[in-house]
Chemist: 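First the structure, then my questions, so here it is.
In each ligand, atom 1 is the first atom listed, and ligand 1 is the first ligand listed. Because the structure is predicted, anything quoted here is derived from the model rather than measured.
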Amino acid sequence: MGKVYVFDHPLIQHKLTFIRDKKTGTKEFRELVDEVATLMAFEITRDLPLQEVTIETPVSEAKSKVLAGKKLGLIPILRAGLGMVDGILNLIPAAKVGHVGLYRDPDTLKPVEYYVKLPSDIEERELIVIDPMLATGGSANEAIHVLKKRGARQIRLMCLIAAPEGVEAVKKEHPDVDIYLAAMDEKLNEKGYIVPGLGDAGDRLFGTK
Ligand code: URA
């Protein structure tokens with residue numbers, strides 16, 4: 001079963017409070033999401049493998065460690081996922097970025113892909129699917145299906161805030177996918193918003209309504 005990690009680092013929690021606050025305007029909201037994404041990237045990369053190399057310091061030879069070259073891929077779900085990409089790239093600049101666009105079919109209410117552009121070697125990469133809000137889990141589940149259908153084997157999901165319903169839905173459909181969050185909220189309301197949440201992440205990031 002996939003594990004769920006909630007990053008309770010004080011800086012993440014502090015910034016998340018201002019992200020949630022409805023008085024926070026677009027510019028500051030975007031900056032804070034960017035900063036939290038960087039802090040989350042720091043936490044999510046804790047288990048990256050290292051390898052030992054030998055270097056020379058100005059004083060002596062030294063055995064030291066560098067990243068073992070695991071290939072990463074970031075997959076933002078359009079459009080709100082875009083708001084977290086640059087923050088993650090601050091720490092992992094060599095990651096490739098793929099995009100998955102989904103819309104909700106008005107009849108079936110199911111997410112349908114309208115845009116998919118991925119790195120050519122996704123089967124070799126550890127992929128991080130990014131969506132700030134894990135609400136019903138419908139989009140995340142579909143995005144993960146889209147990746148698996150094209151050969152992805154290692155997938156993680158990173159969100160700012162989740163509803164328990166969304167977490168359960170992803171755990172059920174993709175038990176191999178670990179989920180990384182800044183907060184787990186109470187519930188979904190009747191309109192599908194996370195409570196207390198932060199409102200519509202895409203609108204708040206891009207200043208639309
Ligand atoms: N998507 C959002 O942007 N906000 C929510 O609360 C739920 C889904």
Chemist: Show me the donor-acceptor pairs within less than 3.5 Å that the side chains of residues 55-63 make with the rest of the protein, sequence neighbours left out.
Modeler:
| residue | atom | partner | partner atom | Å |
| --- | --- | --- | --- | --- |
| Thr57 | OG1 | Val59 | N | 3.0 |
| Thr57 | OG1 | Ser60 | N | 3.0 |
| Thr57 | OG1 | Ser60 | O | 3.1 |

Chemist: Show which side-chain atoms of residues 66-75 pair as donor or acceptor with protein atoms under 3.5 Å away, not counting sequence neighbours.
Modeler:
| residue | atom | partner | partner atom | Å |
| --- | --- | --- | --- | --- |
| Lys70 | NZ | Gln154 | OE1 | 3.4 |
| Lys71 | NZ | Asp121 | OD2 | 3.3 |
| Lys71 | NZ | Glu124 | OE1 | 3.0 |

Chemist: Show me the short polar-atom pairs for ligand 1: any N or O of it lying under 3.5 Å from a protein N or O, with distances only.
Modeler:
| residue | atom | partner | partner atom | Å |
| --- | --- | --- | --- | --- |
| ligand 1 | 3 (O) | Ala201 | N | 2.8 |
| ligand 1 | 4 (N) | Gly199 | O | 2.7 |
| ligand 1 | 6 (O) | Ile194 | N | 2.8 |

Chemist: Does atom CZ of Phe42 have more than 12 heavy-atom neighbours from other groups under 6.0 Å away?
Modeler: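 It does not: Phe42 CZ has 12 such atoms or fewer within range.
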Chemist: Does Glu43 have any side chain to side chain donor-acceptor pair (under 3.5 Å) partners at least two apart in sequence or in another chain, and if so, which?
Modeler: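 Once residues adjacent in sequence are excluded, the partners of Glu43 under the side chain to side chain donor-acceptor pair (under 3.5 Å) criterion are Arg46.
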Chemist: Using only heavy-atom distances, determine whether the side chains of Arg30 and Thr24 contain a donor-acceptor pair under 3.5 Å.
Modeler: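 No.
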Chemist: Start with the C-alpha gap between Lys149 and Glu113, add the side-chain angles, then the distance that decides, and say whether salt bridge (Lys or Arg N to Asp or Glu O under 4.0 Å) holds.
Modeler: CA-CA 12 Å; Lys149 225 166 37 188; Glu113 60 181 79; 3.3 Å; yes
